[in-house]
Protein chains: 2
Amino acid sequence: MLTERQRMILNAIVDDYISSAEPVGSRSISKRGDVGYSPATIRNEMADLEELGYLEQPHTSAGRIPSHKGYRYYVDHLVPWNSAGTAEMGTIRAFFAEKLNATEQVIQHAAMILSNMTNYTSILLGPEVFHTSLRHFQLLPLDGNNAVAIIVTSTGQVENRTVQIPPEISLSEMEKVVNLLNSKLVNVPLYKLKSQLYSELGEEMQRHISHYEELMQVLDQALESDHDQRIYLSGAANMLTQPEFKDVDKVKTILDLLEETPTLLKMLSPASGGTGIQVRIGTENKHEAFANCSLITATYSLDGKALGSIGILGPTRMEYARVMGILGILSRDLTAMLAHWYK
Amino acid sequence: MLTERQRMILNAIVDDYISSAEPVGSRSISKRGDVGYSPATIRNEMADLEELGYLEQPHTSAGRIPSHKGYRYYVDHLVPWNSAGTAEMGTIRAFFAEKLNATEQVIQHAAMILSNMTNYTSILLGPEVFHTSLRHFQLLPLDGNNAVAIIVTSTGQVENRTVQIPPEISLSEMEKVVNLLNSKLVNVPLYKLKSQLYSELGEEMQRHISHYEELMQVLDQALESDHDQRIYLSGAANMLTQPEFKDVDKVKTILDLLEETPTLLKMLSPASGGTGIQVRIGTENKHEAFANCSLITATYSLDGKALGSIGILGPTRMEYARVMGILGILSRDLTAMLAHWYK
DNA sequence: CGTTAGCACTCTACTCAGATGAGTGCTAAC
DNA sequence: GTTAGCACTCATCTGAGTAGAGTGCTAACG
């Protein structure tokens, strides 16, 4: 239906508009290296394409933008997509490799609660690894090849992950190792687990167990820890509802700063300031982007030691009373929850 | 340092400004029921408060707004907050009661991957319950009072939750029940599990087991299912980076629609349209708020049946080629992952 | 002496006319 | 069929003029 040249021009217009968001003029198409026609010729074709419904003009003397029909044609006939994938593929796989754990869930959930209730942005700091240790370990066979590894931490978190079991390892052997692990490695901090596995048990296991290498690999998989201290954000979009941030650029500098994990870590770290509820107003936050924001934080703790923080970021014109009340409750609830799990 | 009246006026100004975001004039303070002074008097006090640094004027003939020092004083001396909490408390507790599960993690993670890679907003639809069934059940005692219930589903998801075990139930009894459950209820869809527990096993258990009531309660806890089909959003803030949405109001109508779960469910439901990658441009989406948006969706499946969808929402001026490529990879990866778990 | 009414003054936000310029449509020449 | 030239259109930008909210100051009042 469309001539080859029309397709080419439509393609060029859509591509240009996708990257520039500005109406595309005939001259700019003509100047592209792969187009050998003058602006006038392009204009004629553009007029035809507009009559056919593929292009639109926002007003008489602007360039053209693709109509919905134009996008539709572009998607159906012109898009050069290959789901076989290129650079992106690796990135996706890498993201998936990142493991998730139960603690993250709880904190993420709490972040959501906070932002939903306050309509501000919530920033939570996950509990520090260094305080949690192994309480109980279990390997639960599923079928011939797989088992679920169950790790109970000192904070009462239960984590599981599926591991593959080489066929040459017998059930009784596995059981022996699990018992050994439970007697020797309980109360070892999670982050030291893998190193102590080798130093404490290596020798003994090599004596008693036949498939040492393979078993060690299974345990390696099972104990893989990835408790980095992490930041959880929620409700960043709530910034938009505040009239002082109707200027999109301002919001952007704030949102950009929210992506800078190290900065936030420093701001929220329980070390920086006492316990209880803290309010930092405007420039009391160290960052210029937060000059018009207030940050209210509280800490949650276990055994009197501060484990992490929860915070709310809003405009300096913030509902201090309400937010402080909510933060107070939530930090106490988190603390109580941890104490309860820990028993 | 401040007189009682000054404190009262400062308090009134901060309160007013917090709720209105507009500079506060002397007249509006004077009109408040609890203030018995004329605007002129208020003005005099305001001038004093400004000189002391508690208030600021954006320009000569505007009302006053609190300075940082003013907010600080408000927070330190005037905020009427009670962390003992009121209405909010119940809401927080209720939110925490919501359970989270492993499937949610994976999907939420995928949503994040998508929005991060594309810089658009991602919308994911969790897998439908109706297709997943019980594959394996296990109760793992932790200590005298608690056990971990492990549920392996047909899609290979492993879920765990901690349940309390009444002391009168013995280990061997528990084991008997778990075996019964594994032989009779495997392949029953999760959402039917609890009802079939009673209809299929009730009679038999009552015959063989002594503490029927208590055990039933334990199983009830353990099998509690909360797989509602859910929507996962990520990167909604990315909308802001698009020039066509520099008008905050437009973004808001879109963000508001994104909160309407039922609408999104309808849009993403795999039923509505074939498999493969689908592109809905502008008004092809049924909602006016999406008139300037395109929604690209793909489905992931198990055994050829579509389980859920993943989608990207952006301006009609969207990088179709790239997004389609990424969606293609991710939907295939999700499908492959499910197939792998299912084996 | 604290409080209040009155009034001139200030400054932003809004509106409207004119200037600017990018881009078109059309015609005539190549 | 393609291109150069030119008149025309219309959004955007600029600056002047205006309305209105709110102040600061002074003088009067109880």
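Here is how names work: the chains are called A, B, and so on, in the same order as the sequence lines, proteins then strands, and each is numbered from 1.
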Reported CD1-to-CD distance for the pair B/I65 and B/Q57, which is rounded to 0.5 angstrom:
9.5 Å
Closer to the 5' end of DNA chain C via nearest nucleotide, is it A/G25 or B/R5?
B/R5
Closest listed nucleotide, where the reference is the side chain of B/M46 and the choices are C/dT3, C/dT24, D/dT23:
D/dT23
For a quick check of understanding: with a heavy-atom distance under 4.0 Å over all strands, which category does B/T60 fall into, base, sugar-phosphate or nothing?
sugar-phosphate
Does CZ belonging to B/R72 count more than 12 external heavy atoms closer than 6.0 Å?
yes
Kindly point out which of D/dG24, C/dA22, D/dA11 is positioned nearest to the side chain of A/H59?
D/dA11
What is the distance, rounded to the nearest whole Å, between atom CG of A/D48 and atom C1' of C/dC26?
14 Å
Which is more 5' along DNA chain C, the nucleotide nearest B/N44 or the one nearest A/E50? Just name the residue.
B/N44
Can you tell me the pairing partner of C/dC7 across any strand shown, Watson-Crick or G-U wobble, with both distances under 3.5 angstrom?
D/dG24
Looking only at non-hydrogen atoms, find the nearest pair between A/A321 and B/V79 and report the distance.
CA-CG1, 3.6 Å
A/K31 NZ to C/dA22 P, in whole Å, measures 11 Å
Derivation of the side-chain hydrogen bond (donor to acceptor under 3.5 Å, both in side chains) call for B/Y320 and B/S294:
CA-CA 9 Å; B/Y320 292 95; B/S294 283; 2.9 Å; yes
Pair partner, D/dC13 [Watson-Crick or wobble, under 3.5 Å]:
C/dG18
How many whole angstroms separate atom CD of A/E4 from atom P of D/dG1?
18 Å
To the side chain of A/Y37, which of C/dT4, D/dT3, D/dG24 is closest?
D/dT3
Do other residues, nucleotides or ligands put more than 12 heavy atoms under 6.0 Å from the NZ atom of B/K69?
yes
Suppose we call two aromatic rings close when their centres sit under 6.0 Å apart. Are A/Y74 and A/Y54 close by that rule?
no
Short side-chain N/O contact from A/T41 to OP1 or OP2 of D/dG1, under 4.0 Å
no
Round to a whole Å and report the spacing from CD of B/E51 to P of D/dC25.
10 Å
Without decimals, in angstroms, what is the distance between A/I65 CD1 and C/dA22 C1'?
16 Å
Separation of D/dG20 atom P from B/E22 atom CD, nearest Å, is 17 Å
In whole angstroms, the gap separating C1' of C/dG25 from CD of A/E45 amounts to 15 Å
Answer yes or no: does a side-chain N or O of A/S38 lie under 4.0 Å from OP1 or OP2 of D/dT3?
yes
Any A/R64 side-chain nitrogen or oxygen under 4.0 Å from OP1 or OP2 of C/dA22:
no
Whole angstrom value for the distance that separates P of D/dT23 from CD of B/E56
15 Å
Does B/R27 put a side-chain nitrogen or oxygen below 4.0 Å from OP1 or OP2 of C/dT4?
no
Side chain of B/S61 (C-beta onward), nearest among D/dT23, D/dA4, C/dC11
C/dC11
